[in-house]
Amino acid sequence: MKKVLITGGAGFIGSTVASALLDRGITPVVLDDLSKGRAEFVEDRVFYQGDIADAALLDRIFAEHPDIEATVHCAAKIVVPESVAKPLYYYRENVAKTVELLDSLQRLGCTRVVFSSSASIYAPTPDARVDESCPVDANSPYARTKQMMEQVLQDWTRGEGAECQRVIALRYFNPIGADPQLRTGLQDLNPTHALGKLIEAHTTGAPFTVTGVDWETRDGSGIRDYVHVQDLAAAHVAALLRFDGVIAPGAADRYRVINVGTGDGTTVRELITAFEQAVGARLDVREAGPRPGDVIGCYAAVDTARELLDWQPRRGIAEGVADALAWRAKWAARLGA
Ligand SMILES: NC(=O)c1ccc[n+]([C@@H]2O[C@H](COP(=O)([O-])OP(=O)(O)OC[C@H]3O[C@@H](n4cnc5c(N)ncnc54)[C@H](O)[C@@H]3O)[C@@H](O)[C@H]2O)c1
């Protein structure tokens, strides 16, 4: 594979995927509206600024790059509280615009798609471990857009004359870290996820609050599966390079879901310990009840990724913490923050 379109390729994950492709000699062609993506992340890359629903722009991209062989569809609005406040905006941006994008891809003959899905669509399970056959039951408008997009994509592979249309949906767990070469990372200096809050507590001396301490986990705190974003990016490269092996052209079932996590659950308290070890300092840790919408969380069964993609995570939480901190320092300096 020589060239791949990446929607949302100026964002956190898409830019890391683009770097991983470049490292493998594959040219990423980035389409991003820069609503959240950063121009700095694409300044040395083939880049089109615009909307995934802009059919004329897709025509232009494929006219200028007829050798694009697949699309990685990362573009989406991703902020859960915003999706609660503005559900129609999320359904339009994520679901309706994905329909438009697929229409363009089908017209232009680019029918191999790797989709950024999310573990947040899984229904809770008694032991928090989820494999790809577990039921889905998304619990926020954002997560429901992901669940709906999966349904749209699956139906797209089943439509009339859809023999060429094939989709691998990668269900990401909790990405952390940054590109180890520090080409890109998170756009926000103070992200609101647990690792972001730990970094904020460490850099400002403010307390870190464990929200929810009565979950049915080994220490009462919520559980997640923290996967290094570089490992996540490597899973995309593997999915692209092995695409025809995962879903053969003309196969009866042309939609495949693959979990991308580490296979290990980490509780919030364990994350704090790992963070303190990585930075060599203790934090002021407090406890509080769960916030509205909080869930016990889940971690991945990763046998499918191992079998189909020959992929396994190579980096642990300590590297995720170290790369996140190094990126934050570099990015803050660049922003003059
Ligand atoms: N970050 C996570 O924890 C996580 C977890 C699971 C799944 N995902 C999925 O991974 C994908 C990438 O997430 P991320 O963390 O990199 O987010 P991000 O916001 O950094 O990246 C998304 C990118 O899409 C672009 N974009 C949004 N709407 C667009 C549109 N209509 N047209 C063109 N570009 C548009 C944004 O400018 C941004 O650069 C998303 O689909 C998200 O749902 C993320």
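Counting starts at 1 for both ligands and their atoms, in listed order.
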- Query: Is the side chain of H65 donor-acceptor paired with the backbone N or O of I68 at a distance under 3.5 Å, no angle test?
  - Reply: no
- Message: Rounded to the nearest 0.5 Å, what separates atom OG in S116 from atom CD1 in I6?
- Response: 9.5 Å
- Reported NZ-to-OG distance for the pair K146 and S140, which is rounded to 0.5 angstrom: 11.0 Å
- Any pair counted as salt bridge (charged side-chain N to carboxylate O under 4.0 Å, His left out), so long as it reaches residues 209-225, sequence neighbours left out: R218-E270
In a table with atom names and distances, give each donor-acceptor pair under 3.5 Å that connects a side chain of residues 308-322 to protein atoms at least two apart or in another chain.
unit_1: W311; atom_1: NE1; unit_2: D231; atom_2: O; d: 2.9
unit_1: R315; atom_1: NH1; unit_2: D231; atom_2: OD1; d: 3.2
unit_1: E319; atom_1: OE1; unit_2: G316; atom_2: N; d: 2.8

- Got a sec, which pairs hit salt bridge (charged side-chain N to carboxylate O under 4.0 Å, His left out) with one end in residues 121-133, sequence neighbours left out? R129-D303
Could you go through ligand 1 and note, for every N or O atom, any protein N or O atom closer than 3.5 angstrom, writing the atom names and distance to 0.1 Å, or 'none'?
unit_1: ligand 1; atom_1: 16 (O); unit_2: F12; atom_2: N; d: 3.3
unit_1: ligand 1; atom_1: 16 (O); unit_2: I13; atom_2: N; d: 2.8
unit_1: ligand 1; atom_1: 20 (O); unit_2: F12; atom_2: N; d: 2.9
unit_1: ligand 1; atom_1: 20 (O); unit_2: Q187; atom_2: NE2; d: 2.8
unit_1: ligand 1; atom_1: 26 (N); unit_2: D33; atom_2: OD1; d: 3.4
unit_1: ligand 1; atom_1: 28 (N); unit_2: K77; atom_2: NZ; d: 2.5
unit_1: ligand 1; atom_1: 32 (N); unit_2: I52; atom_2: N; d: 3.1
unit_1: ligand 1; atom_1: 34 (N); unit_2: D33; atom_2: N; d: 3.1
unit_1: ligand 1; atom_1: 34 (N); unit_2: D33; atom_2: OD1; d: 3.3
unit_1: ligand 1; atom_1: 37 (O); unit_2: D32; atom_2: OD1; d: 2.7
unit_1: ligand 1; atom_1: 37 (O); unit_2: D33; atom_2: OD1; d: 3.2
unit_1: ligand 1; atom_1: 37 (O); unit_2: S35; atom_2: N; d: 3.3
unit_1: ligand 1; atom_1: 37 (O); unit_2: S35; atom_2: OG; d: 3.3
unit_1: ligand 1; atom_1: 37 (O); unit_2: K36; atom_2: N; d: 2.9
unit_1: ligand 1; atom_1: 37 (O); unit_2: G37; atom_2: N; d: 2.9
unit_1: ligand 1; atom_1: 39 (O); unit_2: G11; atom_2: N; d: 3.2
unit_1: ligand 1; atom_1: 39 (O); unit_2: D32; atom_2: OD1; d: 3.3
unit_1: ligand 1; atom_1: 39 (O); unit_2: D32; atom_2: OD2; d: 2.6
unit_1: ligand 1; atom_1: 39 (O); unit_2: G37; atom_2: N; d: 3.0
unit_1: ligand 1; atom_1: 41 (O); unit_2: C74; atom_2: O; d: 2.8
unit_1: ligand 1; atom_1: 41 (O); unit_2: K146; atom_2: NZ; d: 2.7
unit_1: ligand 1; atom_1: 43 (O); unit_2: Y142; atom_2: OH; d: 2.5
unit_1: ligand 1; atom_1: 43 (O); unit_2: K146; atom_2: NZ; d: 2.9

